[in-house]
A.B. asks: 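This is the structure I want to talk about, given as structure tokens.
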Amino acid sequence: MKFDEILKKVGDAKLIAVSKNVSENEVLELYKQGQMDFGENRVQELKRKKEILSELNLNWHFIGRLQTNKINHLISLRPTLWQSCESLEMARAVDKRLDFKLDCLLQINSAHEDTKQGVDPDKAIEEFLRIKDECKNLNLVGVMSIGAHEDDAKIVQKSFELTREIYEKLQNHGAKICSMGMSSDFELAIKCGSNMVRLGTILYK
Ligand SMILES: *Cc1c(COP(=O)(O)O)cnc(C)c1O
């Protein structure tokens with residue numbers, strides 16, 4: 001699909017171009033078409049691309065699992081948004097090493113899948129409020145979720161609706177971003193109230 005067609009479908013939601021499986025050349029191509037926000041799921045690769053493309057002043061989002069031994073490294077890269085804070089414990093570990101305010105999202109495992117990281121939806125509100133209360137260097141601005149890995153659109157929809165419900169309850173507590181939707185399901189995610197989609201594969205076909 002052409003980039004402008006994708007943009008049209010994304011509409012008012014914000015598009016994060018996930019570049020984890022492509023080179024800096026593809027990033028540059030998208031930049032030339034106006035894309036400024038990119039996502040990576042590995043700290044080392046974020047650093048590599050950020051450095052190579054430093055003149056472009058791109059906004060880098062970290063969307064992957066953060067290993068404890070990579071925390072300082074990630075902080076030093078000053079990502080625009082850490083989308084994958086998966087627990088109070090991880091929030092504390094990052095918070096105590098920060099000397100600036102880092103914007104972040106709480107990842108919610110709305111599909112209840114063992115393979116997915118993120119807090120249990122039943123505990124999401126409580127965790128969000130505790131992180132907000134305790135972690136003064138983190139600026140918690142919303143939630144992130146990966147849709148259920150299912151062919152049945154109804155099940156995927158349920159997982160998005162659950163994230164959206166949690167997001168709405170957190171709007172009074174500073175949540176502004178509801179990041180959900182990937183190449184295979186972003187249109188459904190937007191229908192369910194997403195305002196930020198993270199697209200990879202579809203951008204490079
Ligand atoms: C890889 C990845 C994406 C993009 O996935 P595509 O299916 O390639 O669009 C979005 N979010 C996260 C957290 C990812 O790891």
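Counting convention: from 1, in listed order, for ligands and their atoms alike. Keep in mind the model is a prediction, meaning the values are calculated, not measured.
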A.B. asks: Which residue and non-hydrogen atom of the protein lie closest to atom 5 (O) of ligand 1, and at what distance in Å?
C.D. replies: M182 CE, 3.5 Å
A.B. asks: Heavy-atom contacts under 4.0 Å between K20 and ligand 1: side chain, backbone, both, or neither?
C.D. replies: side chain
A.B. asks: Is it true that E127 and K123 make a salt bridge, defined as a side-chain N closer than 4.0 Å to a carboxylate O?
C.D. replies: no
A.B. asks: Do G200 and ligand 1 have an N or O pair less than 3.5 Å apart?
C.D. replies: yes
A.B. asks: Which heavy atom of the protein is the closest neighbour of atom 9 (O) of ligand 1, given with residue, atom name and distance?
C.D. replies: S183 OG, 2.5 Å
A.B. asks: Quick one: pull up CD1 in I177 and NZ in K14 and give me the separation to the nearest 0.5 Å.
C.D. replies: 8.5 Å
A.B. asks: Supply the atom-to-atom distance K205 NZ to S183 OG, rounded to the nearest 0.5 angstrom.
C.D. replies: 6.5 Å
A.B. asks: Salt bridge or not between E5 and K9? Use side-chain N to carboxylate O under 4.0 Å.
C.D. replies: no
A.B. asks: In the protein, what heavy atom is nearest to atom 11 (N) of ligand 1, and what distance, to one decimal place, separates them?
C.D. replies: R198 NE, 2.9 Å
A.B. asks: Excluding sequence neighbours, so at least two apart, what forms salt bridge (Lys or Arg N to Asp or Glu O under 4.0 Å) with E24?
C.D. replies: R48
A.B. asks: Check step by step if side chain to side chain contact (heavy atoms under 4.5 Å, CB included) holds for M180 and R164.
C.D. replies: CA-CA 9 Å; M180 56 186 193; R164 175 71 197 190; 4.2 Å; yes
A.B. asks: Could you tell me which atoms of ligand 1, counted from 1 in the order shown, lie closer than 4.0 angstrom to a heavy atom of L199?
C.D. replies: 9 (O)
A.B. asks: Please state which protein non-hydrogen atom is closest to atom 12 (C) of ligand 1 and give its distance, to 0.1 Å?
C.D. replies: I63 CD1, 3.6 Å
A.B. asks: Where is the nearest protein heavy atom to atom 8 (O) of ligand 1: which residue, which atom, and how far?
C.D. replies: T201 N, 2.9 Å
A.B. asks: So is S184 polar-close to ligand 1, meaning N/O to N/O under 3.5 Å?
C.D. replies: no
A.B. asks: Would K32 and E29 pass as an ion pair if we require N to O under 4.0 Å?
C.D. replies: yes
